[in-house]
There are 2 protein chains.
Amino acid sequence: MTTTSPQGRTELLRPDGSPVRVLVVDDELSITELLSMALRYEGWQIRSAGDGHGAVQAAREFRPDAVVLDMMLPDMDGLSVLGRLRRDLPDVPVLFLTAKDAVEDRIAGLTAGGDDYVTKPFSLEEVVARLRGLIRRSGAADRRSDSVLVVGDLTLDEDSHEVTRGGDGIHLTATEFELLRFLMRNPRRVLSKAQILDRVWSYDFGGQANVVELYISYLRRKIDAGREPMIHTRRGAGYLIKPAA
Amino acid sequence: MTTTSPQGRTELLRPDGSPVRVLVVDDELSITELLSMALRYEGWQIRSAGDGHGAVQAAREFRPDAVVLDMMLPDMDGLSVLGRLRRDLPDVPVLFLTAKDAVEDRIAGLTAGGDDYVTKPFSLEEVVARLRGLIRRSGAADRRSDSVLVVGDLTLDEDSHEVTRGGDGIHLTATEFELLRFLMRNPRRVLSKAQILDRVWSYDFGGQANVVELYISYLRRKIDAGREPMIHTRRGAGYLIKPAA
DNA sequence: TGCGTTTCTCAGAGAAATCACAGCTTGGGG
DNA sequence: CCCCAAGCTGTGATTTCTCTGAGAAACGCA
C-alpha cells in the first residue's frame with residue numbers, strides 16, 4: 001500500500017498500515033548511521049546490527065520486512081548470515097552491500113531469488129530505490145503499487161527506466177535518472193544542493209559541488225526544453241520540481 | 001490458471017487460486033537454498049528436505065504439486081525415494097537433478113512418465129522452465145496456460161524451442177535461447193548483467209561477466225538484424241526487451 | 001576419432017558519461 | 001542602478017562502459 005503524506009512524499013506501508021521494518025547490518029558504524037538516517041527519512045522503522053550474530057538475533061525479534069546486509073562482516077561470512085536469516089524469515093528480501101572489486105567474487109546467485117545488491121560506495125538514492133523495489137515485489141507491501149512516478153505530465157518508470165514528458169520519450173543517463181527520481185519523489189519541495197549531493201551521489205564523492213548545478217542544467221535541457229518549466233530554482237535554497245500548471 | 005502481476009510477470013496458480021507447492025530435495029544446503037530462493041520468487045510455496053527420509057515425510061504432510069529431487073542422496077538411492085514418494089502422491093511430477101556423467105538411459109526410463117530432469121550444474125532459468133512445464137502439464141495448474149511467450153512480433157515457444165520474429169523462424173543456440181527466454185519473461189524491465197548471469201548461467205559459472213554482453217550481441221544479430229531493435233541497452237543499468245513499436 | 005558447433009576469453013575500438021574548469025548571466029540587496 | 005554572490009552552461013579531458021572480432025577450448029555427434 002502507498003499513501004501520500006502532506007509533504008507530497010509517497011510512503012510504502014505494510015498491508016496493515018504499519019510502517020515497513022528494515023534491518024541494517026554493517027560493521028562500520030558510519031555506514032549503519034548513514035543508512036539508518038536515510039531509511040528513517042523514508043518513514044521506515046530501522047534496527048541495526050554490527051555483526052552476524054547480532055543480525056540473526058535482531059532479525060528474530062524485530063522481524064523486518066527487508067534486510068540490508070554487508071557481505072564483509074567480522075564474525076561470519078555473508079552467506080552464513082543469509083542462511084541463518086532465512087531460517088527464521090524465509091521470505092525476507094535482502095539487499096547486499098559489497099565492495100566494488102569483490103563483485104566478481106562470490107556474488108553468484110545473489111540476485112537470483114529476487115534479492116539484489118549494491119556496491120560500495122553507494123548512493124543513498126540507489127539503496128533506497130532498490131529496497132523499495134525489493135519490498136514492493138516481496139509482497140510485504142501491496143503488490144498493486146506500481147513503479148511509476150508521476151508529476152504533472154512527466155512520468156518516470158523505475159522498472160523500465162523510461163521517462164516521458166507529455167508522452168514523448170526522453171533518454172536520460174544514469175546520473176540524470178537518479179537525480180530526476182529524487183526530485184520526483186519529493187515534488188513541490190525545495191531540495192538543497194547539499195541534500196541532493198548527499199542523496200544522489202555516492203557517499204565518498206569528493207568533487208566540486210557544482211555537479212548538481214550541472215546536472216540540473218542537463219535535466220532542464222531534456223525535460224523542460226521549449227516547454228513550461230517544471231524544475232525551478234529557489235535562489236539560495238535549492239531546487240524543486242512541480243507540475244507545469 | 002495464470003495471473004499477470006503488475007510487473008508483467010506471469011504467475012502459475014492452482015485451480016483454486018492458491019500458490020503452487022514445490023518440495024526441493026537435495027543434501028547440499030547451498031543448492032536447496034538457491035533453488036528455494038529462485039522458486040519462491042516465482043510465487044511458489046517451497047519446502048525443502050536434505051535426505052530421502054525427510055523428503056518422504058515432507059511430501060506426506062506438505063503435499064506438493066511438484067518435487068525437485070536430487071538423485072544422489074546420502075541415505076537412500078533416488079529410485080527408492082521416488083518409489084516412496086509415489087506411494088503417497090501417485091501423480092506428482094518430479095524434476096530430477098543428476099550429475100552430468102550419470103547414466104543417461106536410467107534417467108530416460110524414469111522421465112518417460114512425464115517427469116523430467118536437469119543435470120548439475122544447472123541454470124535457474126532451466127530449472128524454473130522445466131518445473132513450470134511439469135506443473136502445467138500435470139494439471140495441477142490450469143491447462144489453458146500455454147507455453148508461448150510473445151513480445152511484439154517476437155515469439156518463443158518454451159515447449160518446442162521455436163523462436164520467430166515477424167513470422168520468420170530463428171535458430172538459437174541453447175544459451176541464446178535461455179537468455180532470450182529470461183528477457184521475454186521480464187519484458188520492459190531492466191535486467192542487470194548480474195541478474196542475467198545468476199539466472200541464465202549455471203550456478204558454478206566463474207567466468208567473465210562480459211559473456212552477457214557477448215550473448216546479447218549474438219541475440220541482436222539474430223533477432224534485431226536489420227529491423228527495429230527490441231533489445232535495448234540501459235547504460236550502467238542493464239538490458240531490456242520491449243516491442244519494437 | 002574427427003568435424004562442425006557452441007561456449008567463452010581476451011583485447012582493442014569506439015561511444016557515452018562524468019566531471020573540472022572557467023567565463024558568462026542573473027537576481028536582488030544596498 | 002550597481003555590484004557581488006549564486007547560478008548556468010560551453011568546452012574538453014578523463015574515465016567508464018559496451019560492443020565485437022578473433023581465436024582457443026570444450027562439446028556433441030557421427
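In what follows, chains carry the letters A, B, and so on, assigned in the order in which the sequence lines appear, proteins first and then strands, with residues in each chain numbered from 1.
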Checklist entry - Tell me: CG of A/D204 to C1' of C/dC19, nearest whole Å? => result 14 Å

Checklist entry - At under 4.0 Å, does any side-chain N or O of B/T173 touch on OP1 or OP2 of C/dT7? => result yes

Checklist outcome for this item: The nucleotide from C/dT26, C/dC19, D/dC8 with an atom nearest the side chain of A/Y239 is D/dC8

Next on the checklist: Could you check whether A/R220 and A/T233, counting side-chain N and O atoms only, form a donor-acceptor pair closer than 3.5 Å?
Outcome noted: yes

Next on the checklist: Looking at B/R220, I'd like to know whether one of its side-chain N or O atoms comes within less than 4.0 Å of OP1 or OP2 on D/dC19.
Outcome noted: yes

Checklist outcome for this item: Residue pair B/E213/A/R234 against DNA chain D: nearer the 5' end by closest nucleotide is A/R234

Checklist entry - Please give, in whole Å, the distance from C/dA17 C1' to A/L219 CG? => result 14 Å

Checklist entry - So, is A/K193 close to the D/dG7 phosphate, meaning a side-chain N or O under 4.0 Å from OP1 or OP2? => result yes

Item to check | Side-chain N or O of B/R221 closer than 4.0 Å to phosphate OP1/OP2 of D/dG21 | outcome: yes

Next on the checklist: Base, sugar-phosphate or nothing for A/F177? Non-hydrogen atoms, less than 4.0 Å.
Outcome noted: nothing

Item to check | Atom-to-atom span, CD of B/E176 to C1' of C/dT5 - whole angstrom | outcome: 11 Å

Item to check | Along DNA chain C (nearest heavy atom to each residue), the more 5'-positioned of B/L172 and A/A174 | outcome: B/L172

Next on the checklist: Closest approach to the side chain of A/Q208, judged atom by atom: which nucleotide of C/dA20, D/dC8, D/dT16 is it?
Outcome noted: C/dA20

Checklist entry - So does A/H171 get a side-chain nitrogen or oxygen closer than 4.0 Å to the phosphate oxygens (OP1/OP2) of C/dA17? => result yes

Item to check | Candidate list B/F96, B/Y203, B/Y117, B/F205, test ring-ring contact (aromatic ring centres under 6.0 Å, His included), partner B/F122, passing option | outcome: B/Y203

Item to check | For atom CD1 of B/I216 and atom P of C/dT7, their distance in whole Å | outcome: 14 Å

Checklist entry - Can you tell me if the side-chain N/O atoms of A/T233 get under 4.0 Å from OP1 or OP2 in D/dA6? => result no

Item to check | Steps toward salt bridge (charged side-chain N to carboxylate O under 4.0 Å, His left out) verdict (B/K120, B/D70) | outcome: CA-CA 9 Å; B/K120 288 185 177 184; B/D70 186 13; 3.4 Å; yes

Checklist outcome for this item: Atom CG of B/N210 and atom P of C/dG12 are separated, to the nearest Å, by 14 Å

Item to check | Under 4.0 angstrom between B/Y215 side-chain N/O and D/dT20 OP1 or OP2 | outcome: no

Checklist entry - Are OP1 or OP2 of C/dC19 and a side-chain N or O of A/W201 less than 4.0 angstrom apart? => result yes

Checklist entry - Does A/S217 place a side-chain N or O at less than 4.0 Å from the phosphate oxygens OP1/OP2 of D/dT9? => result yes

Checklist entry - So does A/E176 pair up with A/R221, basic N to acidic O under 4.0 Å? => result no

Item to check | B/R136 bridged to B/E158 by N-O distance under 4.0 Å | outcome: no

Checklist entry - Hey, does the side chain of B/T175 come within less than 4.0 Å of C/dT6's phosphate (OP1/OP2), counting only N and O? => result no

Next on the checklist: In this structure, how many angstroms lie between the P atom of C/dA17 and the CG atom of A/L180, rounded?
Outcome noted: 16 Å

Checklist entry - What integer distance in Å separates A/H232:NE2 from C/dT26:P? => result 18 Å

Checklist entry - Can you find a side chain N or O atom of A/Y218 that sits less than 4.0 Å from OP1 or OP2 on D/dT9? => result no

Checklist entry - Once you round it to whole Å, what is the distance between P of C/dT7 and CD of B/E126? => result 12 Å

Checklist entry - Backbone N or O of A/L154 within a donor-acceptor pair of the A/R165 side chain at under 3.5 Å? => result no

Checklist entry - Nearest to the side chain of B/V211, which nucleotide is it out of C/dC8, C/dC19, C/dG27? => result C/dC8

Checklist entry - Is A/L214 touching bases, backbone alone, or none of the nucleic acid, heavy atoms closer than 4.0 Å? => result base

